[in-house]
Amino acid sequence: MYSTQFRKLITILDKEIDAYTNLRNLFEEKREILKKAKTDDLGVLDNKILAMNETIVKLNNSRKNISEELLGKNGSMSEFISFAEANQPDQKEALMLRKVKICKILDELVLLNNQNVELIKHGIIITNKMLETVVNAFAPQGSIYNGAGKTTDTHDLDMWTINEEI
């Protein structure tokens, strides 16, 4: 009775697994690019990631449509498995295997994304420190004194400055 819908669902889930696997591979490639600081390649890779994301959104919409046919709502994998157990027991195992694959890939994607975010944050810190060094190198040296000739740099007060200001 539901075999056509379950075949469509399993086909969509297989395509989702492939798309998530491709996305994981792109995230791994992005991590390597971030490690090597190859910023020229980053834009091209981000466009590939966005395109893959669009594919995943389309597949999710297709899965939602099948879910509406089977369950009458947007259901989870656990709900699909329960429905299969009650109505199409021969499909239960196939759905369970796909659920395990999807969960594993999604865990890997979360980890890779977190690593990439940390690499980007680290890159920003390094870039800011380099920029600060360049700016300080070209800042006029007289700018650390106020109009009275006293130092305005409170970080490195030595004994002489303290004695003079007292």
Are M130 and V134 side-chain neighbours, meaning at least one heavy-atom pair lies under 4.5 Å? no
Any heavy-atom pair between the side chains of Q115 and E118 that's under 4.5 Å? no
Test log, rule side chain to side chain contact (heavy atoms under 4.5 Å, CB included), inputs T4 and K8: CA-CA 6 Å; T4 303; K8 286 181 186 177; 4.1 Å; yes
Out of curiosity, I102 CD1 to T21 OG1, how far, rounded to the nearest 0.5 Å? 9.5 Å
Provide the closest heavy-atom pair for S67 versus G75 in the form atom of the first, atom of the second, distance. OG-N, 2.6 Å
Are K30 and D46 side-chain neighbours, meaning at least one heavy-atom pair lies under 4.5 Å? yes
Please tell me if the side chains of L119 and H122 come closer than 4.5 Å, counting only heavy atoms from C-beta onward. no
From the options R24, R31, K101, select the one residue that forms a salt bridge (Lys or Arg N to Asp or Glu O under 4.0 Å) with E108. R24
Please determine whether side chain to side chain contact (heavy atoms under 4.5 Å, CB included) holds for the pair I17 and Y20, giving the CA-CA distance in whole Å, both sets of side-chain angles, and the decisive distance to 0.1 Å. CA-CA 5 Å; I17 289 169; Y20 284 129; 5.8 Å; no
Would you say that R63 contacts F80 through its side chain, given a criterion of any heavy-atom pair below 4.5 Å between the two side chains? yes
To the nearest 0.5 Å, what is the distance between CG (L50) and CG (L23)? 10.0 Å
May I ask whether I124 and L42 are part of the same hydrophobic cluster, defined by side-chain heavy atoms of I, L, V, M, F, W, Y residues being less than 4.5 angstrom apart, directly or through others? yes
Is there a side-chain contact between S3 and Q91, using heavy atoms and a 4.5 Å cut-off? no
Is the shortest side-chain heavy-atom distance between I81 and E85 below 4.5 Å? no
Step by step, work out the salt bridge (charged side-chain N to carboxylate O under 4.0 Å, His left out) result for K35 and E32. CA-CA 5 Å; K35 282 184 189 177; E32 294 306 312; 3.5 Å; yes
When rounded to the nearest 0.5 angstrom, what distance separates CD in Q88 from CG in L9? 11.5 Å
Hey, could you give me the CG/NZ distance between N25 and K48, rounded to the nearest 0.5 Å? 11.5 Å
Are K73 and E79 side-chain neighbours, meaning at least one heavy-atom pair lies under 4.5 Å? yes
Considering non-hydrogen atoms only, spot the tightest contact between M77 and L95 and give its length. CE-O, 3.5 Å
Go through the steps to decide whether D107 and L111 satisfy the test side chain to side chain contact (heavy atoms under 4.5 Å, CB included), and finish with yes or no. CA-CA 6 Å; D107 286 343; L111 178 64; over 6 Å; no
